[in-house]
Amino acid sequence: MNNLELLKQGYKDFAEGNVEAVVAIWQPDIVWAECTGFPFVKGDGIFVGAQAIIENVFAKIPEYYDGFNIEITDFIDGGDKIVMVGYYTGTWKPTGKKFKANAMHAWTIKNGMVSHFFQAADSAEIINP
């Protein structure tokens with residue numbers, strides 16, 4: 001499986017709620033840079049390791065969103081660096097507002113496993129009433 005196929009499978013697993021399979025493609029010391037525009041992100045939004053990401057990012061999704069989904073429009077395949085371009089959709093629970101917001105993920109893959117993740121998202125589109 002090449003790096004792009006690995007990430008496509010990871011997105012499929014995430015959409016199906018299979019967090020165990022998602023984490024299985026990560027390096028143990030993965031560095032995750034979450035967009036700091038979200039109220040649930042504290043500090044610089046940098047999390048290291050699966051447990052920190054699960055607790056500070058993944059666990060927050062059902063707390064803050066209903067029907068959260070990632071709509072992928074494109075991948076830019078740079079080999080060991082891959083970019084996902086798309087949208088986040090769902091409902092922001094604190095306001096009840098439905099949204100479709102631009103989202104971009106940049107991934108770095110080393111030795112067949114994800115080592116770095118960087119997110120850019122239009123958080124204002126999501127959280128503003």
Side-chain angles (χ1 to χ4, degrees):
M1 178 178 304
N2 68 33
N3 292 340
L4 181 57
E5 292 167 338
L6 180 81
L7 284 181
K8 285 182 176 181
Q9 182 62 47
Y11 279 104
K12 182 178 183 290
D13 291 333
F14 180 83
E16 295 171 353
N18 189 350
V19 174
E20 185 175 308
V22 173
V23 171
I25 67 170
W26 295 350
Q27 298 272 349
D29 59 348
I30 182 175
V31 176
W32 187 280
E34 187 75 6
C35 184
T36 57
F38 295 111
F40 59 84
V41 176
K42 306 297 181 223
D44 62 5
I46 305 294
F47 304 100
V48 178
Q51 193 62 37
I53 297 161
I54 290 168
E55 289 173 5
N56 294 290
V57 180
F58 287 16
K60 303 298 182 185
I61 292 171
E63 288 180 34
Y64 286 87
Y65 303 100
D66 279 326
F68 180 82
N69 188 44
I70 301 171
E71 293 181 11
I72 300 168
T73 58
D74 200 7
F75 285 99
I76 301 163
D77 185 356
D80 64 346
K81 298 212 184 270
I82 297 174
V83 174
M84 183 286 300
V85 179
Y87 301 92
Y88 291 155
T89 61
T91 301
W92 182 247
K93 284 184 175 182
T95 63
K97 178 185 179 245
K98 291 187 182 295
F99 61 85
K100 182 175 182 179
N102 293 331
M104 185 279 308
H105 299 162
W107 301 90
T108 302
I109 300 163
K110 292 184 182 173
N111 301 319
M113 297 183 80
V114 177
S115 64
H116 290 82
F117 168 87
F118 176 87
Q119 174 200 51
D122 187 355
S123 58
E125 177 64 29
I126 296 170
I127 64 174
N128 289 331

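No hydrogens, no waters, no symmetry mates; every other heavy atom, side chains included, goes into these values.
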Kindly indicate whether the side chain of Trp32, heavy atoms from C-beta on, has any atom under 4.5 Å from the side chain of Trp26. yes
For Glu63, is the CD atom crowded, meaning more than 12 foreign heavy atoms sit under 6.0 Å from it? yes
Looking at every non-hydrogen atom in both residues, tell me the closest pair between Ile30 and Ala50 and how far apart they are. CG2-N, 4.3 Å
CG (Asn111) with more than 12 external heavy atoms under 6.0 Å: no
Can any side-chain N or O of Glu34 pair as donor or acceptor with the backbone N or O of Val41 at less than 3.5 Å? no
Heavy-atom nearest pair, Ile46 first then Ala33, reads CD1-CB, 3.5 Å
When you group the ILVMFWY residues by side-chain heavy-atom contacts below 4.5 Å and let the links chain together, are Phe38 and Val31 in the same group? no
Tell me whether Ile25 is reachable from Leu4 by hopping between hydrophobic residues (I, L, V, M, F, W, Y) whose side-chain heavy atoms are closer than 4.5 Å. yes
Would you give the length of the straight line joining atom CD1 of Ile82 to atom CG of Asn2, rounded to the nearest 0.5 angstrom? 7.0 Å
With side-chain contact (heavy atoms from CB on, under 4.5 Å) as the test, would you mind laying out the steps for Met84 and Lys8 before giving the verdict? CA-CA 10 Å; Met84 183 286 300; Lys8 285 182 176 181; over 6 Å; no
Hydrophobic cluster mates of Phe118, side-chain heavy atoms under 4.5 angstrom, ILVMFWY only, any path? Ile76, Val83, Val85, Met104
Shortest non-hydrogen contact from Met113 toward Ala24: CE-O, 3.4 Å
Kindly indicate whether the side chain of Ile61, heavy atoms from C-beta on, has any atom under 4.5 Å from the side chain of Phe14. yes
Quick one: pull up CG in Asn102 and NZ in Lys100 and give me the separation to the nearest 0.5 Å. 9.0 Å
Quick check: closest heavy atoms across Phe40 and Asn56, and the distance to 0.1 Å? CD1-O, 4.0 Å
Indicate yes or no: at least one non-hydrogen side-chain atom of Phe58 is less than 4.5 angstrom from one of Val22. yes
Is Trp107 close to Asn3 at the side-chain level, that is, under 4.5 Å between some pair of heavy atoms? no
Salt bridge (charged side-chain N to carboxylate O under 4.0 Å, His left out), that's the test. Do Lys12 and Glu5 meet it? Break it down for me. CA-CA 11 Å; Lys12 182 178 183 290; Glu5 292 167 338; over 6 Å; no
I'd like to know if the side chain of Lys93 reaches the main chain of Pro62, judged simply by a donor and an acceptor atom lying under 3.5 Å from each other, with no hydrogens or angles considered. yes
What about Tyr87 and Ile126, same hydrophobic cluster or not, with Ile/Leu/Val/Met/Phe/Trp/Tyr joined at side-chain heavy-atom distances under 4.5 Å? no
Is the backbone of Glu125 close enough, under 3.5 Å, to the side chain of Lys97 for a donor and an acceptor to pair up by distance? yes
Is any side-chain heavy atom of His105 closer than 4.5 Å to a side-chain heavy atom of Ile70? yes
Report yes if the side chains of Asn128 and Thr95 come closer than 4.5 Å at any heavy-atom pair, otherwise no. no
How long is the straight-line distance from CD of Gln27 back to NE2 of His116, given to the nearest 0.5 Å? 9.5 Å
Show, in sequence, the C-alpha distance, side-chain angles and deciding distance for Phe99 and Asp122, and conclude whether the side-chain contact (heavy atoms from CB on, under 4.5 Å) test is met. CA-CA 10 Å; Phe99 61 85; Asp122 187 355; over 6 Å; no
In the structure I gave you, are the side-chain heavy atoms of Ile127 and Tyr64 within less than 4.5 Å of one another anywhere? no
What are the two closest non-hydrogen atoms of Cys35 and Ala121, and how far apart are they? SG-O, 3.7 Å
Centres of the Tyr88 and Phe68 rings: under 6.0 Å? yes
When clusters are formed by joining ILVMFWY residues with side-chain heavy atoms under 4.5 Å apart, either directly or through shared neighbours, do Tyr11 and Val19 land in the same one? yes
Enter the distance from Asp44:CG to Thr36:OG1 here, rounded to the nearest 0.5 Å. 8.5 Å
Looking only at heavy atoms, which two atoms of Ala21 and Asp13 are closest? And how far apart? CB-OD2, 3.3 Å
